[in-house]
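In what follows, a structure is listed as structure tokens, so that the remarks can point back to it.
Quick note on labels: first sequence line is chain A, next is B, and so on, each numbered from 1.
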There are 2 protein chains.
Amino acid sequence: MSQRNAGTSVQVADPDTCRVREVLDRVAGKWSVQILVAASRGPIRFTELERGIEGISRRMLTLTLRNLERDGLVTRTVYPTVPPKVEYGLTPVALELHETLRRLTDWAERNRGYVARARAAYDAEHQPELLDA
Amino acid sequence: MSQRNAGTSVQVADPDTCRVREVLDRVAGKWSVQILVAASRGPIRFTELERGIEGISRRMLTLTLRNLERDGLVTRTVYPTVPPKVEYGLTPVALELHETLRRLTDWAERNRGYVARARAAYDAEHQPELLDA
DNA sequence: CTGGATCCCAAGCGATACTG
DNA sequence: CAGTATCGCTTGGGATCCAG
């Protein structure tokens, strides 16, 4: 998905692995998941998201929101008031995904230490001299 | 993770959302999941992976494999025979993740049509003229 | 308040060629 | 067989400024 056919034919493997990539692409963005999580607690406004996520740029918030909306995962409600007001929420489909993401997070929590140790061990094993350049 | 502090301080939100990103980064690569899936069916050789995934470059296979190994998700066994032989497998931790990924895939399967229709509708609604440039 | 437009750097990834 | 090295295109994403 990240690249539109580099000229010469590029077989896309079997349909099975394709589906896997599709779902991940939908959530692969740097901010998608955090937005999904933040919006799962009910309707939330643009600025609330912006401040709640802290570190996200206005640009990326907008872009990610648009993509999620495009995929039917996020709802966007505009109140044509004098200072514009927009509320975002999750669609039922996105709520299902949210539950799934929680399982992923669980895995991360459980194995966070393991992975960190694995990394440290691997790095120590391979390039100990590059650490203090 | 994809960028090392753009100069001015960048707060990293609360630890909660950080963990989410961490796990996703571990799987976000274009090929990580397919490798994880392929390797979950028992020890598999480099060339088998290369041909089984079809579309992956040798370079990316190596890189992704290294990263997964570094994170303690993939095991690498070298047989110092005359033609080198290397077998890859999953660690128990990775096997847990594989189960989780299956759930994600399930979600994708169920809602694949929904998302596709949502996209089409959104695109038709917003820029119908840019479709046949 | 909620974005859109532009600029630009850095990371991701592919192509290709070389090697123990 | 199983990589490593180099190159360059493409994309992601931050900064900044403009606008309804």
Between B:E96 and A:R110, is there a side-chain N and carboxylate O pair less than 4.0 Å apart?
->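 Salt bridge flag = yes for A:R110 with B:E96.
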
Hey, are A:D106 and A:R102 close enough for a salt bridge, meaning a charged N less than 4.0 Å from a carboxylate O?
->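 A salt bridge links A:D106 with A:R102.
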
Compare the minimum distances between each of D:dG13, D:dG3, C:dC1 and the side chain of A:K30, then state the nucleotide with the smallest one.
->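 For A:K30, the side-chain atoms sit closest to D:dG13.
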
Between D:dG20, D:dG3, D:dC1, which nucleotide gets closest to the side-chain atoms of A:P84?
->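 Looking only at heavy atoms from C-beta outward on A:P84, the closest nucleotide is D:dG20.
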
Heavy-atom side-chain contact between [X] and [Y] under 4.5 Å:
| X | Y | result |
| --- | --- | --- |
| A:I35 | A:Y88 | no |
| B:D71 | A:Y122 | no |
| A:I44 | A:E87 | no |

Interatomic distance where [atom1] belongs to [X] and [atom2] belongs to [N] [whole Å]:
| X | N | atom1 | atom2 | answer |
| --- | --- | --- | --- | --- |
| A:M60 | D:dG14 | CE | C1' | 9 Å |
| A:E87 | C:dC1 | CD | P | 15 Å |
| A:L61 | C:dC1 | CG | P | 13 Å |
| A:I56 | C:dG3 | CD1 | P | 12 Å |
| B:D25 | C:dG12 | CG | C1' | 13 Å |
| A:W31 | D:dG12 | CH2 | C1' | 12 Å |
| B:L49 | D:dA2 | CG | C1' | 12 Å |
| A:H126 | D:dG3 | NE2 | C1' | 13 Å |

At under 4.0 Å between heavy atoms, what does A:R45 touch on the DNA or RNA strands: base, sugar-phosphate, or nothing?
->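 Touches sugar-phosphate only.
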
May I ask you to say what B:Y79 touches in the nucleic acid, namely base, sugar-phosphate or nothing, with a heavy-atom cut-off under 4.0 Å?
->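 It contacts nothing in the nucleic acid.
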
Verify the contact: side-chain N or O of B:Y88 to OP1 or OP2 of D:dC1, cut-off strictly under 4.0 Å; return yes or no.
->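 The answer is no; no side-chain N or O of B:Y88 sits under 4.0 Å from OP1 or OP2.
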
Report yes if at least one side-chain N or O of A:S57 is closer than 4.0 Å to OP1 or OP2 of D:dA15; otherwise report no.
->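 Answer no for this pair, as no side-chain N or O of A:S57 is under 4.0 Å from OP1 or OP2.
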
Between A:R59 and A:L65, just flag the one whose closest nucleotide in DNA chain C comes earlier from the 5' side.
->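 By nearest-heavy-atom nucleotide position, the 5'-most residue is A:L65.
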
Toward the 5' end of DNA chain C, by each residue's nearest nucleotide, A:T62 or A:P83 |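 Of the two residues, A:P83 wins.
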
Between A:L63 and B:K85, which has a closest nucleotide on DNA chain D that is more 5'?
->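 Looking at DNA chain D, the more 5' nearest nucleotide goes with B:K85.
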
For B:E48 and for A:G29, locate the closest nucleotide of DNA chain D by heavy-atom distance; then report the residue assigned to the nucleotide nearer the 5' terminus.
->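 Looking at DNA chain D, the more 5' nearest nucleotide goes with B:E48.
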
